[in-house]
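The structure displayed is predicted, hence computed values, not measured ones. Proteins get letters first, then strands, A, B, ... in listed order; numbering begins at 1 in each.
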Amino acid sequence: MKIATWNVNSLKVRLPHLEAWLARVSPDVVCLQETKCEDAKFPGAEIEAMGYRWVHNGQKTYNGVAILAKPECGNVGRGIPEFADEQSRVIAGDVGDTRIVCVYVPNGQSVGSDKYEYKLRWLEALRGWLAAELAAHPKLAVLGDFNIAPEARDVHDPLAWEGQVLVSDAERAALKRLIDLGFADAFRLFEQPEKSFTWWDYRMNAFKRKMGLRIDHVLLSDALAKGCTACAVDVEPRKLERPSDHAPVTCDLTP
DNA sequence: ATGGTTGTCCTACAA
């Protein structure tokens, strides 16, 4: 089974890129972030025409997350239980015997801002919920835009970024606490090229200059990590005209 | 140098 995550930064704008990518890669499950549309405006017919079922936690203008899957996606949940959040950032569902959680972690804006504090509170709530999910679902995968680069090697210029949002100690500690529940960062199970990133700012020709961060992740429970045979960033869609600022990450699991 | 680009939606705001 091939699972994937992609922050598309507007599903309406990126639908042609998504369709081309689905046709080329044929993942079984895709988690999308920043769909930026209400449920009523989700392009369901187009997705179904590509052979995918879908579930969506939509929102106008901002956020919005979806799971596309070839099989039926059951036991669907939206948001973090017992965490009141007006922003649509989480959707979860069962695909076969695997529990899929799609997350769009708050960006945090800048260290010390209200949005930063919200990000840290949000991550703590996510951790509490995932502890319970992990106990209930041994085969658990959490995929999405975490808006955190875990280590220096995940940052094009660690010195320039030191202490900034997306790389600050508190954010990294929060991500580590999450992973320490019993997950593996699937990307780091394998040898990877240097300067592997998943997001490049639209400004300053950052992509061409390889000025990126690795902030999109696939976290696998131990039971899934044992059967993980590959994980990679697919930079091809980032090279197209009018791209998302994020590239998809794919992950292969044995059945 | 606090720059620059994109998406949503109309004027800023978020990223």
Please report the distance, rounded to the nearest Å, between [atom1] in [X] and [atom2] in [N].
X: A:Glu34; N: B:dA14; atom1: CD; atom2: P; answer: 13 Å
X: A:Ile148; N: B:dA15; atom1: CD1; atom2: P; answer: 14 Å
X: A:Phe146; N: B:dA15; atom1: CZ; atom2: P; answer: 17 Å
X: A:Gln164; N: B:dA15; atom1: CD; atom2: P; answer: 16 Å
X: A:Tyr116; N: B:dA15; atom1: OH; atom2: C1'; answer: 17 Å
X: A:Lys60; N: B:dA12; atom1: NZ; atom2: P; answer: 18 Å
X: A:Glu86; N: B:dA14; atom1: CD; atom2: P; answer: 13 Å
X: A:Trp200; N: B:dG4; atom1: CH2; atom2: C1'; answer: 19 Å

Contact list (N/O, under 3.5 angstrom) for nucleotides 5-7 of chain B vs protein:
residue, atom, partner, partner atom, Å
B:dG7, OP1, A:Arg14, NH1, 3.0
B:dG7, OP1, A:Arg14, NH2, 3.3
B:dG7, OP2, A:Arg242, NE, 3.3
B:dG7, OP2, A:Arg242, NH2, 3.3
B:dG7, O3', A:Ser10, OG, 3.2

Reported CG-to-CZ distance for the pair A:Leu130 and A:Arg177, which is rounded to 0.5 angstrom | 13.5 Å
Distance between the C1' atoms of B:dC10 and B:dA14, in whole angstroms?
-> 16 Å
Rounding to the closest angstrom, what is the interatomic distance between B:dA1 and B:dA12 at atom P?
-> 28 Å
Would you call the rings of A:His56 and A:Phe42 parallel, tilted or perpendicular, where under 30° means parallel and over 60° means perpendicular?
-> tilted
Hey, what's the ring geometry for A:Tyr118 with A:Phe83, parallel, tilted or perpendicular (30° and 60° as the breaks)?
-> parallel
Partners passing side-chain contact (heavy atoms from CB on, under 4.5 Å) against A:Ala206 (at least two apart in sequence or in another chain) = A:Trp200, A:Asp201, A:Met211
With sequence neighbours left out, which residue pairs that include part of residues 40-59 of chain A fulfil the salt bridge (charged side-chain N to carboxylate O under 4.0 Å, His left out) condition?
-> A:Arg53-A:Glu72
Sugar-phosphate only, base, or nothing, as touched by A:Arg89 at under 4.0 Å among non-hydrogen atoms = sugar-phosphate
So what does A:Phe207 touch, heavy atoms closer than 4.0 Å: a base, only the sugar-phosphate, or nothing?
-> nothing
Just checking, is any N or O donor in the side chain of A:Tyr104 or A:Ser88 under 3.5 Å from an acceptor N or O on the other one?
-> no
For the residue pair A:Glu34 and A:Ser10, confirm or rule out a side-chain donor-acceptor distance under 3.5 Å.
-> no
Please determine if a side-chain N or O atom of A:Lys115 lies less than 4.0 Å away from the OP1 or OP2 oxygen of B:dA14.
-> yes
